Amino acid sequence: MALVYEEAKAKIVEFINSKAKSKSKFYFNDFTALFPEEKGRDVKKILTQMINEEVLVFWSSGSTSMYGLQGAGKHADGED
């Protein structure tokens, strides 16, 4: 894996914060676009590790899956 976890984590958090005024949840493809030279599997590993560390939260409606920062957006208010 060419991605260095701490650098990737910082880039993801920076990306989310830069969009925070308009969005709180992001699609997987939003993150793969940040790392166009990497395989989707490697990006998914980073996102999963960030969820495990409670930096990110995973949200799913059943048909749509999204990611957001822990404690930000409507999912922080108990939205299912």
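Along the sequence shown, residues carry numbers from 1. Since this is a predicted model, take the numbers as computed values, not measurements.
The only member of Phe15, Phe58, Tyr27 that meets ring-ring contact (aromatic ring centres under 6.0 Å, His included) when paired with Tyr67 is Phe58.
Of all the heavy atoms in Lys11 and Leu34, the pair that sits closest is NZ-O, 3.0 Å.
Distance check, rounded to the nearest 0.5 Å: CD1 of Ile12 to CD of Glu7 gives 12.0 Å. Within the model, atoms CG of Leu56 and NZ of Lys9 stand 9.0 Å from one another, a figure rounded to the nearest 0.5 Å. Going from atom CE of Met66 over to atom CZ of Phe26 covers 8.0 Å, rounded to the nearest 0.5 Å. Taken from CD in Glu38 to OG1 in Thr32, the straight-line distance is 11.0 Å, to the nearest 0.5 Å. Within the model, atoms CG of Leu69 and CE of Met50 stand 7.0 Å from one another, a figure rounded to the nearest 0.5 Å.
Counting heavy-atom neighbours within 6.0 Å of Glu53 CD, excluding the residue itself, gives a total above 12.
Contact check for Val43 versus Leu47: side-chain heavy atoms found under the 4.5 Å cut-off. Side-chain contact check for Val57 versus Ile51: every heavy-atom pair is 4.5 Å or farther apart.
Using a cut-off of 4.0 Å between Lys/Arg side-chain N and Asp/Glu carboxylate O, Lys23 and Asp30 are scored as salt-bridged.
Here the side chain of Thr64 pairs no donor or acceptor atom with the backbone of Ser61 at under 3.5 angstrom.
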